[in-house]
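A short write-up of the structure that comes next.
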Amino acid sequence: MILYNVTVSIDNQVADEWLQWMKSVHIPEVMGTGYFLGNQICRVMEDEDTGGTTYAVQYTCRSVEDLLEYQRDHSPALQQKVNDRYAGQYAAFRTMLEVVGVNVERNEQE
């Protein structure tokens, strides 16, 4: 399984609006391409005073080939929509990760 991680630092003045737009518009559009099995958004918790809030938006897909096809055929137009809306208010970088193990432990306290 492949994890496509998009790390975004968004200006604090638009961070709440950006997060809502990501959840209601952008992520559904990305998922609508059919290349991804799931997604999640994580807020980076380190206290760094940069004037922005940093998020990791993560998508899972079956294969590198699927991700490369998505990046070739769909990503440029979707990224342009983000840039048209938030130009100059964010910085982003993308990382392709291979999932080599998953271990979820539950600690049940009653």
Side-chain angles (χ1 to χ4, degrees):
M1 185 158 334
I2 301 300
L3 183 67
Y4 180 47
N5 183 83
V6 183
T7 303
V8 179
S9 179
I10 184 78
D11 188 297
N12 283 336
Q13 293 181 342
V14 295
D16 290 340
E17 192 271 335
W18 173 88
L19 183 59
Q20 183 57 40
W21 182 80
M22 288 293 289
K23 290 177 179 179
S24 64
V25 177
H26 185 73
I27 291 173
E29 289 180 341
V30 171
M31 295 303 294
T33 66
Y35 287 94
F36 299 101
L37 304 171
N39 67 83
Q40 65 181 8
I41 303 174
C42 305
R43 185 175 56 82
V44 176
M45 295 180 63
E46 277 105 21
D47 186 18
E48 191 174 313
D49 189 15
T50 62
T53 303
T54 302
Y55 292 91
V57 184
Q58 302 175 332
Y59 304 92
T60 54
C61 63
R62 287 179 203 73
S63 68
V64 171
E65 293 77 21
D66 282 354
L67 180 54
L68 293 175
E69 191 172 316
Y70 163 79
Q71 288 177 318
R72 182 189 71 228
D73 296 343
H74 300 279
S75 185
L78 291 169
Q79 286 180 28
Q80 187 61 50
K81 286 183 178 184
V82 176
N83 197 51
D84 289 348
R85 189 172 180 100
Y86 297 102
Q89 299 176 303
Y90 77 100
F93 68 91
R94 293 154 182 82
T95 310
M96 182 186 320
L97 306 164
E98 179 184 15
V99 177
V100 296
V102 175
N103 183 21
V104 178
E105 293 184 22
R106 293 175 35 165
N107 183 9
E108 295 183 27
Q109 296 179 357
E110 296 184 36

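- Note that the OG1 atom of T53 and the CD1 atom of I10 stand 8.5 Å from one another [nearest 0.5 Å].
- Listed by first then second residue, pairs satisfying side-chain hydrogen bond (donor to acceptor under 3.5 Å, both in side chains) with a partner in residues 82-92 read E17-R85, E17-Y86, Q80-D84, N83-Y90, not counting sequence neighbours.
- Within 6.0 Å of the CZ atom in R62, the count of heavy atoms belonging to other residues, nucleotides or ligands does not exceed 12.
- Residue W21 holds its CH2 atom at 6.0 Å from NE2 of H26, rounded to the nearest 0.5 Å.
- The side-chain heavy atoms of N39 and V57, taken from C-beta on, include no pair separated by under 4.5 Å.
- Interatomic distance, CD of E69 versus OG1 of T33, reported as 9.5 Å (0.5 Å rounding).
- Of all heavy-atom pairs between G52 and N12, the closest is C-OD1, 3.2 Å.
- Counting only residues at least two apart or on different chains, no salt bridge (charged side-chain N to carboxylate O under 4.0 Å, His left out) pair has a member in residues 5-16.
- For the atom pair L19 CG and I27 CD1, the distance stands at 8.0 Å (nearest 0.5 Å).
- Scanning for ring-ring contact (aromatic ring centres under 6.0 Å, His included) contacts around Y70 gives F36, with sequence neighbours left out.
- In this structure, Y35 and C61 approach most closely via the heavy-atom pair O-CB, 3.2 Å.
- With rounding to the nearest 0.5 Å, the separation of CG in N5 from CE in M96 is 12.0 Å.
- In the hydrophobic cluster analysis, where Ile, Leu, Val, Met, Phe, Trp and Tyr join through side-chain heavy atoms closer than 4.5 angstrom, V6 is grouped apart from L3.
- Each of L68, D66, L67 was evaluated against V64; a single residue qualifies, L68, per the side-chain contact (heavy atoms from CB on, under 4.5 Å) test.
- Here the OH atom belonging to Y4 is positioned 9.0 Å from the OG1 atom belonging to T95, to the nearest 0.5 angstrom.
- Under a 3.5 Å cut-off, the side chain of T60 and the backbone N or O of G38 do form a donor-acceptor pair.
- Other residues, nucleotides and ligands contribute at most 12 non-hydrogen atoms within 6.0 Å of the CE atom of M1.
- Contact detail for S63 and I2: the closest heavy-atom pair is C-CG1, 3.6 Å.
- Linking Ile, Leu, Val, Met, Phe, Trp and Tyr whenever their side-chain heavy atoms come within less than 4.5 Å leaves V44 and L97 in two separate clusters.
- In the hydrophobic clustering of ILVMFWY residues, with side-chain heavy atoms under 4.5 Å counting as a link, V8 and F93 come out apart.
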